[in-house]
Amino acid sequence: MITRRQWLYGVGLAASSGTQVGRAFSVAARNEDQEATLQLSKYEPRSMLHVHESHVERSKFPNIDFHTHISVSTKSEKGVELSPDREYLGTPQELLAVMDRKNIRAMVNLTGGYDNGLAETVAKYDRAYPGRFYTFTEPCYSRFKESDYPKLQAQAIERAHRDGARGLKILKTLGLYLRENITSGTLVKIDDARFDPMWDACGQLNLPVAIHISDPIAFFTPTDRFNERYEELNNHPDWSFYGQDFPSNAELIAARNRMIARHPNTKFVTVHVGNFSEDLQNVAENLDGFPNMSVDIAARIGELGRQPITARRFFDKYQDRILFGTDATPHGDEFPQQFFNDKLYEIYYRFLETKDEYFDYAPAKIPPQGRWRIYGIDLPDTVLHKVYSENAARLLRI
Ligand SMILES: [Zn+2]
């Protein structure tokens with residue numbers, strides 16, 4: 001039997017909330033489970049869309065995950081790592097099991113530290129399983145105040161190279177956390193001349209520099225009702241760079257660009273799509289301006305996948321300078337967009353290889369980096385080959 005309410009919905013009257021009748025009716029039609037207002041954190045809408053769903057278990061070609069974090073510093077303060085000693089987030093055995101299932105030829109562990117911590121990491125992973133792991137070194141900021149730091153840091157890069165490092169990783173420490181007195185004082189700029197010998201050493205030794213200098217543009221705006229990543233920032237207030245003495249995203253990118261321009265013989269991988277995946281036009285202009293720059297896509301398929309047409313054009317044009325990477329962190333279950341597991345890789349493969357529509361960019365109930373879903377970009381085999389491994393293999397000289 002059709003009730004009066006169902007009949008009204010059927011003819012669309014109930015939805016015409018602009019009329020007096022509709023407004024009165026919609027209040028009356030609310031059922032008992034409904035509340036007048038629903039907390040955003042409790043909202044988990046389920047898509048009613050029925051479209052093709054691919055399940056991509058293995059990447060079409062073997063891949064190199066250029067951006068992972070297998071080891072981290074045991075001591076850090078106010079965003080600055082202060083110890084070379086490493087904590088290991090996953091054993092080689094547990095990582096290799098996922099790698100073999102998911103067709104991952106090698107993982108690049110960007111946060112290998114320096115000195116003995118680096119040497120130990122290289123021995124445990126790279127040397128123990130040749131061809132499966134590559135470790136990057138990091139600056140020793142704890143010595144930043146020493147008067148000959150520029151020279152010491154360049155020498156540390158030479159030692160790291162001898163110890164087996166395959167590149168240098170710069171976390172956003174430089175530009176957003178490192179200060180004149182290491183954890184206090186004014187912020188040190190990305191193009192500070194004291195780092196010039198370090199960039200030059202990397203160029204001379206053919207070590208690529210993976211550099212992270214900024215964050216999603218929403219992190220530089222107030223955490224308010226207009227912020228498209230409100231929930232994420234509300235859960236992690238320390239991720240906001242709005243206010244205080246933080247530079248703007250534009251200032252950070254400008255400082256990075258000045259530094260890259262000064263070191264044309266050093267190869268830079270500007271991670272997270274050049275740290276500006278919301279504006280691929282800007283990333284494209286920088287790629288056009290700097291032949292020594294490439295990008296990885298780590299933790300940014302949420303951004304790329306919500307602009308699939310622009311993203312596909314970007315991949316077609318810069319297919320020789322885009323690297324596959326995920327930001328995978330073993331046991332990093334707090335951050336589903338980078339939790340190292342089978343599901344994470346399946347989502348990346350689906351994004352790159354299929355034309356599926358409107359799917360989750362992270363294995364999570366609520367999209368963790370903004371409430372939207374993504375579309376696949378259906379890359380052709382030639383481009384997939386390059387992005388999955390050829391571009392990284394060339395940079396890593398393997
Ligand atoms: Zn990372």
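Keep in mind it's a predicted model, so treat the numbers as computed, not measured. When a ligand or atom number is given, it counts from 1 through the structure's own listing order.
Ring centers of Tyr149 and Phe144: under 6.0 Å apart, within the cut-off.
Looking at residues two or more places apart in sequence or on another chain, you find a side-chain contact (heavy atoms from CB on, under 4.5 Å) between Arg394 and Asp320, Asn391. Every salt bridge (Lys or Arg N to Asp or Glu O under 4.0 Å) that Asp115 has, sequence neighbours left out, goes to Arg159.
Between His385 and Phe61, the ring planes lie parallel to each other; the angle is under 30°, not in the 30° to 60° tilted range.
Through direct or relayed side-chain contacts under 4.5 Å between Ile, Leu, Val, Met, Phe, Trp and Tyr, Tyr43 connects to Leu38.
Within a 6.0 Å sphere centred on OH of Tyr242, heavy atoms belonging to other residues, nucleotides or ligands number 12 at most.
Neighbouring protein atoms of the Zn ion (ligand 1) (N, O or S, distance under 2.8 Å, waters ignored): His67 NE2, His69 NE2, Asp327 OD1.
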